[in-house]
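Below is one structure; the comments refer to it alone.
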There are 2 protein chains.
Amino acid sequence: MGTDMQIHEGAETERTGADTKARLLDVAEELFATQGISNTSLRSITSAADANLASVNYHFGSKDALIREVFVRRIGPINEERMRMLDAIESGRGDRAPGLADIVEAIVAPVMRLKRVDARQQRMFLRLFSQVHSESEEIQRLIFTQFHEVASRFIPLLQSALPNLDRTELLWKIKFMIGAMVGSMLPMTGLTPFRALDGEGSDPESVLRRLIPFIVAGLSVSVPPGEDRAAERGA
Amino acid sequence: MGTDMQIHEGAETERTGADTKARLLDVAEELFATQGISNTSLRSITSAADANLASVNYHFGSKDALIREVFVRRIGPINEERMRMLDAIESGRGDRAPGLADIVEAIVAPVMRLKRVDARQQRMFLRLFSQVHSESEEIQRLIFTQFHEVASRFIPLLQSALPNLDRTELLWKIKFMIGAMVGSMLPMTGLTPFRALDGEGSDPESVLRRLIPFIVAGLSVSVPPGEDRAAERGA
DNA sequence: GTCTATAGGGGGATAGAC
DNA sequence: GTCTATCCCCCTATAGAC
């Protein structure tokens with residue numbers, strides 16, 4: 001199968017006059033996404049970015065800070081948009097419980113609309129985040145921390161919209177929800193039937209029109225109290 | 001933060017008299033999961049497995065075959081169980097459309113019950129599959145191929161249970177469904193509220209009791225025909 | 001400055017000895 | 001089954017021709 005050729009499929013900033021800091025971010029993102037984070041040495045980053053080994057420390061302070069920056073650059077705008085949408089929901093109606101779909105949309109839509117960026121960046125986004133699972137807990141925490149703020153507003157809001165769910169139930173459903181969101185971005189490479197989805201209907205708004213009701217339905221459904229499941233099997 | 005120490009957290013087969021083939025599989029899986037597949041050379045695998053460079057070719061035939069084997073070892077049993085469950089569904093009732101929950105369970109449950117294996121293997125499973133997105137299309141295909149058989153039975157079955165959904169709709173929902181399934185396995189490391197889920201309620205059956213209704217609800221809900229939601233924003 | 005040629009290294013696959 | 005040695009291919013870098 002030969003060796004991997006992914007590293008330089010179509011570099012963007014390589015030769016431009018972009019400043020070193022931006023180049024370092026671009027290169028680091030790409031290497032992180034394809035090789036893993038801890039597998040990527042500062043040396044490989046700086047040499048690929050045509051920069052000095054010391055430049056990372058100068059521009060970011062540490063490798064950890066660089067890692068954080070790489071993710072902040074992608075997650076930051078998404079979470080800011082989420083906060084804005086959550087603001088809109090909470091300010092709009094004084095006491096009335098906000099619509100479930102609005103809340104879900106606030107979390108999910110900013111990610112989908114990220115598709116605005118070109119396909120290459122889209123792929124990179126998925127790759128980058130896929131790598132997180134292969135990293136140490138410290139690095140994972142470093143990245144998950146960036147969702148704390150949004151989560152601390154989203155969870156209570158969702159709880160208030162679904163007062164009948166106990167907390168455990170709610171949190172599990174949120175995991176499913178996040179999964180469904182990610183699932184919408186999975187390539188499904190080579191599974192023939194799914195090739196049909198590559199064309200039309202894959203623009204952000206179309207996906208959202210399908211994804212949000214799916215999630216809302218899943219969130220809304222009540223879970224059978226608990227013991228045997230063979231019971232409802234015949235129904 | 002130091003470099004990655006994950007490689008040998010608690011190796012299992014290292015020193016035992018386990019045969020070379022098994023050792024190669026274990027080592028390859030671990031290296032694939034932590035470094036990526038194409039980033040892992042046969043040389044690094046064989047040396048870590050205390051085996052000869054030629055051993056991979058002797059035991060598996062090629063690197064591709066080794067890759068396939070690594071995944072087959074994990075996916076194989078899952079898909080076999082899925083096929084058995086699909087058999088049971090289709091044989092049981094002659095003409096009547098099978099219950100949606102049964103179909104979903106047939107796909108989802110075998111993955112959840114994989115948790116039977118120890119936590120380390122569970123983590124490895126997620127890591128391993130996370131790496132797939134960072135690989136070339138050839139490798140992705142190599143792995144996705146292993147789902148063809150199940151998919152070709154599952155999709156029509158689901159379609160028959162949801163006759164009102166057009167094919168595109170159905171396929172999107174399947175992506176969401178797969179996502180939700182994966183989502184249930186995500187660590188959410190460091191997001192404080194989710195730490196509560198680590199203890200009770202995280203056994204396979206409990207997760208399934210929540211996950212299956214979530215998915216069934218999402219599959220069942222009808223999607224708004226399409227024009228209303230600001231659809232014609234830019235199109 | 002651009003292009004072709006060639007050297008070097010890494011990696012996968014294979015033959016033949018043990 | 002395992003090993004050593006080797007072949008071949010691909011990629012990168014560099015040098016010399018134009």
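The sequence lines fix the lettering, A, B, ..., with proteins before strands; numbering per chain opens at 1.
- Between the CG atom of B:Leu53 and the P atom of D:dT6 there is a distance of 14 Å, rounded to whole Å.
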>> Is there a salt bridge (Lys or Arg N to Asp or Glu O under 4.0 Å) between A:Glu137 and A:Arg141? Walk through the geometry before answering.
In response: CA-CA 6 Å; A:Glu137 289 230 341; A:Arg141 233 183 301 278; 3.3 Å; yes
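- Separating the CG atom of A:Asp50 from the P atom of D:dA13 is a distance of 11 Å, rounded to the nearest angstrom.
- Dense packing is recorded around CD of B:Gln159, with more than 12 heavy atoms of other residues, nucleotides or ligands lying under 6.0 Å away.
- With A:Phe60 as the aromatic partner, A:Lys21 meets the cation-pi criteria of under 6.0 angstrom to the ring centre and within 45 degrees of the ring axis.
- Side-chain contact annotation: A:Ser206 with A:Asp203, donor-acceptor N/O pair under 3.5 Å present.
- No hydrogens or angles considered: a donor-acceptor pair under 3.5 Å links the side chains of A:Gln131 and B:Ser134.
- Counting atom types as modelled, B:Arg43 pairs no side-chain N or O with a base atom of C:dG10 as donor and acceptor under 3.5 Å.
- Rounded to whole Å, the distance from CG on B:Asn52 to P on C:dA17 is 16 Å.
- B:Arg23 places its CZ atom 13 Å from the P atom of D:dG1, with the value rounded to the nearest Å.
- Atom CG of B:Asn39 is separated from atom P of C:dG11 by 10 Å (rounded to the nearest Å).
- In this structure, the side chain to side chain contact (heavy atoms under 4.5 Å, CB included) partners of A:Thr192, at least two apart in sequence or on a different chain, are A:Arg195, B:His148.
- Straight-line distance from the NZ atom of B:Lys63 to the P atom of C:dG11: 9 Å, rounded to whole Å.
- Comparing D:dG1, C:dG11, C:dA13 against the side chain of B:Tyr58 picks out D:dG1 as the nearest.
- Looking at residues two or more places apart in sequence or on another chain, you find a side-chain hydrogen bond (donor to acceptor under 3.5 Å, both in side chains) between A:Arg210 and B:Glu169.
- Across all strands shown, B:Ser41 has heavy atoms under 4.0 Å from sugar-phosphate atoms exclusively, and none from any base.
- The nucleotide whose nearest atom lies closest to any side-chain atom of B:Thr20 is, among D:dT2, C:dG12, C:dA13, D:dT2.
- For C:dG12, neither phosphate oxygen OP1 nor OP2 lies less than 4.0 angstrom from any side-chain nitrogen or oxygen of B:Asn57.
- Nucleotide C:dT14 holds its P atom 12 Å from the CG atom of B:Asp64, rounded to whole Å.
- Atom CG of B:Leu42 and atom C1' of D:dC3 are 16 Å apart (whole Å).
- Helix-axis bend for the helix from C:dG1-D:dC18 to C:dC18-D:dG1: the local axis fitted to the five terminal pairs at one end deviates from that at the other end by 10°, rounded to 10°.
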